[in-house]
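Reading through the structure tokens given below for one structure.
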Amino acid sequence: NLPLAGALVRIGDQAAVTDREGRVFFNGLAAARQRVSLDATGAAAGVMLVGDAFVDTRDNRSRPATFALAVARGGVVRAVVRRLAPALGTLAANKDSMVTVQMEPNVLAALTSGRDTIYQSSDDRGRLDFGSVAPGTWTLVVLPGDRPDHYVFEKERIEFTVEPGQRRDVELRLVPQRRTVTFVDSKP
């Protein structure tokens, strides 16, 4: 575990910068369980808190309350939404081949983990950018909304792991819905 020097730590309405050993000191905090936040710049830019980030100052003992924070470099999650259609023409070797016909705008999705949920809507180029997220297991879920007629998402839930500093690109694919066709004989 390496110390994080020069990070701005906030508790309530107070803020302090960590020293070379990654330590920070606060005086006069209210007696409460308070959330701790971190803003790191310079070489530590892009790190984020991992786990519960609280300090409990409710015990009025004469000893100072101590706390430790775990940090990790965040990962970046981006997604793209493609609408596919069957490939036509003689170049398609397989009659089930699919090609992108457009990037799908206005698709609402949620990126969820055990602690967080981030909502995004795809832009006019079918892109979703969830920004920097904590390392761990995440699930991308397509939320209900307007869909082109006779299209469904190939997968409406995609689970994946984000490693520290990793960029994860995820693809959501709208595919033609398979339908059962019944022929009715009109002869008497």
Side-chain angles (χ1 to χ4, degrees), residues 1-2 4 7-11 22 33-56 67-87 94 96-180:
N1 294 345
L2 299 174
L4 183 60
L8 180 66
V9 178
R10 294 181 195 276
I11 300 176
R33 184 172 189 261
Q34 299 183 61
R35 180 171 294 281
V36 179
S37 65
L38 175 85
D39 183 15
T41 59
V47 300
M48 52 186 30
L49 292 172
V50 178
D52 288 330
F54 289 93
V55 62
D56 193 346
F67 63 98
L69 303 174
V71 296
R73 187 156 308 282
V76 173
V77 176
R78 295 182 180 156
V80 66
V81 185
R82 298 180 187 277
R83 187 190 312 184
L84 304 175
N94 180 342
D96 291 335
S97 294
M98 304 289 276
V99 295
T100 300
V101 291
Q102 82 175 53
M103 306 310 279
E104 197 67 27
N106 303 317
V107 172
L108 185 59
L111 185 63
T112 64
S113 72
R115 289 180 29 160
D116 297 313
T117 300
I118 306 166
Y119 296 94
Q120 282 289 321
S121 180
S122 60
D123 66 13
D124 60 341
R125 291 152 104 193
R127 298 176 305 192
L128 299 118
D129 187 346
F130 293 95
S132 186
V133 300
T137 301
W138 290 85
T139 304
L140 181 61
V141 180
V142 177
L143 299 175
D146 292 336
R147 304 282 186 270
D149 289 341
H150 310 297
Y151 275 83
V152 295
F153 278 97
E154 185 177 52
K155 296 179 183 177
E156 293 202 6
R157 300 177 68 81
I158 300 172
E159 186 174 298
F160 53 90
T161 301
V162 176
E163 300 294 331
Q166 178 186 33
R167 177 177 161 180
R168 269 309 265 216
D169 293 309
V170 182
E171 184 173 276
L172 297 168
R173 297 166 34 132
L174 266 169
V175 296
Q177 184 176 20
R178 294 186 184 265
R179 296 175 284 163
T180 303

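Quick note: residue numbers are just sequence positions, from 1.
At least one side-chain heavy atom of V80 sits under 4.5 Å from a side-chain heavy atom of M103. Put simply, the side chain of L4 reaches to within 4.5 Å of the side chain of L38, judged on heavy atoms. Considering only heavy atoms from C-beta on, Q120 stays 4.5 Å or farther from V77 through its side chain. No side-chain heavy atom of D146 sits less than 4.5 Å from a side-chain heavy atom of N106.
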Counting only pairs under 3.5 Å, give me each side-chain donor-acceptor contact of residues 165-173, with atom names and distances, residues two or more places apart or in other chains.
| unit_1 | atom_1 | unit_2 | atom_2 | d |
| --- | --- | --- | --- | --- |
| Q166 | OE1 | E163 | N | 2.8 |
| R167 | NE | D169 | OD1 | 3.2 |
| R167 | NE | D169 | OD2 | 3.4 |
| R167 | NH2 | D169 | OD1 | 3.3 |
| E171 | OE1 | R82 | NE | 2.7 |
| R173 | NE | E154 | OE1 | 2.9 |

Atom pairs and distances, donor-acceptor, side-chain atoms in residues 128-140, under 3.5 Å, two or more places apart:
| unit_1 | atom_1 | unit_2 | atom_2 | d |
| --- | --- | --- | --- | --- |
| D129 | OD1 | G131 | N | 2.9 |
| W138 | NE1 | A134 | O | 2.9 |

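Atoms CG and CG, on L108 and L143 in that order, are 4.5 Å from each other to the nearest 0.5 Å.
Of all heavy-atom pairs between P176 and L84, the closest is CD-O, 3.5 Å. For E156 against F153, the heavy-atom pair with the smallest separation is CG-CB, 3.8 Å. Contact detail for F54 and F67: the closest heavy-atom pair is O-CB, 4.4 Å. For the pair S122 and E104, the tightest heavy-atom approach, listed with the atom from each and the gap, is OG-O, 2.9 Å.
Within a 6.0 Å radius of CZ in R157, other residues, nucleotides and ligands contribute 12 heavy atoms or fewer. Under a cut-off of 6.0 angstrom, the local environment of OH in Y119 is sparse, with at most 12 non-hydrogen atoms contributed by other residues, nucleotides or ligands.
Every residue was checked against the salt bridge (Lys or Arg N to Asp or Glu O under 4.0 Å) condition with R125, not counting sequence neighbours, and none meets it.
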